[in-house]
Amino acid sequence: MKLIDPTAAPVARTVHLAPRPADLRGLRLGLVENTKFNADTLLLKLAERLRDRHGLTVTHMARKRSASHEVDEAAIATLKGRSDVVISGIGD
Amino acid sequence: VASSADDPAALIEAYFERGWTDGLPVVPPTEASVAAMLAAARLTGDEVFGEIPGRNTVVVADKVAVNAVLAGCRPEYFPVVAAAVKGLCRPEFAYHGPASSTGGSAIVVIVNGPIAARLGIKSGNNLFGQGVRANATIGRAVRLTMMNVMQTQPGLFDRATLGNPGKYSFCFAENEEESPWEPLHVTRGGRREQSAVTVYASNSLYQIYNQLAATPEPLLRCFVDALVNLGVPNVKGFNQALLVFAGEHTEVLGKAGWSKREIAEYIVAHARRPLADFKRAARLPGEPTPADETTLRALFERPEDILIVSAGGRAGSWSACLPGWGNKWTQAVTTVVEETP
């Protein structure tokens, strides 16, 4: 007898990471708000600190359709056009 | 992977050791049993059931069949399992939310149409409970597929704070034979002679008791009260809910001539609560204003968001209420069971 593997691994996908800026000074900051209570408050507080410490300016805050959904393509396009760096990760 | 396990217990242990079970022993698959599963649904194994955005996950028939064997399904159950898994992959189900959430939803699998009786899927007494192979193993196969194929392992992409027992298995059929109403799949666009599976994410089940109500309104008030409690999973936007009426309550509603639509309209119209209540309980931000005391917040938007099923025992003044896991960004999905001629 033998074991039959019931699992399936995720399909491998090549992802190119955007080049990281060497210096944050004067860059435009985009935010992705996930619709949960206080997510926007937390992100704006974070942006405030980044502004004070590194001179970043918030230029756009995108709002996801829901916490469960990915950021849609239109929002990504807007973020790309208006920001140099984006904060997109926020949990419970 | 080769194994020396001619000893069935050792083989079962090998599946435990690899983290491929739900905590209960599984039926070790063989190439023959997987092939039989696929054959019962006239599948070859390479059919794609769907994809899960954000997880780079493609769900392919042969892996689902392996999990159906693990769960203890008979081959003839596989068309139901396949339909349920296809439903989970549909965009409107928005799988990532209910599958990953701290809310820990169970996937409720409701079977309608002729296949339910043919497979012996329980629709009567104790239908949410133990004891019937079809109910137990179909629901289990769906969960094992989620774990093993759809990257939904507890602690990884399943982040349930509490979870619930329905996460092991939650499958039942509507009691169409004794119901005064059109079956759920017909309400949701199917034909009566078709078989269909509805998948629905719910993180709780509570039983509603009422022995005295002889007319619909007092009975339905109990459901309304349950659905507007201050601890409901979601108060931002609108929800779905599943109501399961057992024999005595179905009779009260049916004798009064209430249709499923009228019941749903009643629930939508009455499941609302003053904004001030939600604010006092810190479910909504801010202090309650005088206007909030008389401003009602509706939990449901449309009668179509109330799923109604007649099922359960004929005796006993019980029914059940299963609020949706979250906002309507995730929605129940009904999929036709592709049966072999």
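Note: hydrogens, waters and symmetry copies are ignored here, and every other heavy atom, side chains too, is used.
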Atom [atom1] in [X], atom [atom2] in [Y]: separation rounded to 0.5 Å?
{"X": "A/Asp5", "Y": "B/Arg18", "atom1": "CG", "atom2": "CZ", "value": "9.0 Å"}
{"X": "A/Ile4", "Y": "B/Trp20", "atom1": "CD1", "atom2": "CH2", "value": "9.5 Å"}
{"X": "B/Thr330", "Y": "A/His69", "atom1": "OG1", "atom2": "NE2", "value": "8.0 Å"}
{"X": "B/Gln153", "Y": "A/Thr7", "atom1": "CD", "atom2": "OG1", "value": "8.5 Å"}

| Can you tell me if OH on B/Tyr168 sees more than 12 non-hydrogen neighbours from other groups inside 6.0 Å? |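 Incorrect, the count does not exceed 12.
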| message | Any non-hydrogen side-chain atom of A/Leu3 less than 4.5 Å from a side-chain atom of B/Leu11? | response |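 They are in contact (side-chain heavy atoms under 4.5 Å apart), so the answer is yes.
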| task | Taking the side chain as every heavy atom from C-beta outward, state whether B/His96 and A/Glu70 have any pair of such atoms under 4.5 Å apart. | result |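 They are not in contact (no side-chain heavy atoms under 4.5 Å apart), so the answer is no.
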| A/Ala12 portion near chain B, given a 4.5 angstrom heavy-atom threshold |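 Answer is neither: A/Ala12 stays 4.5 Å or more from chain B.
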| query | Heavy-atom distance under 4.5 Å to chain B: side chain of A/Asn38, backbone, both or neither? | reply |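 Interface part for A/Asn38: neither.
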| field | B/Asn67 (side chain) donor-acceptor with A/Pro6 (main chain) under 3.5 angstrom | value |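 Checked: pair present.
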| query | Ignoring hydrogens and geometry, is there a side-chain-to-backbone donor-acceptor pair from B/Lys236 to A/Thr35 under 3.5 Å? | reply |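 Such a contact is found between B/Lys236 side chain and A/Thr35 backbone.
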| Shortest non-hydrogen contact from A/Ala8 toward B/Lys63 |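 Closest approach of A/Ala8 to B/Lys63, heavy atoms only: CB-CG, 4.2 Å.
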| said: Using heavy-atom distances under 4.5 Å, tell me whether B/Glu51 contacts chain A through its side chain, its backbone, both, or neither. | reply: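 Contact with chain A involves no heavy atom of B/Glu51 at all.
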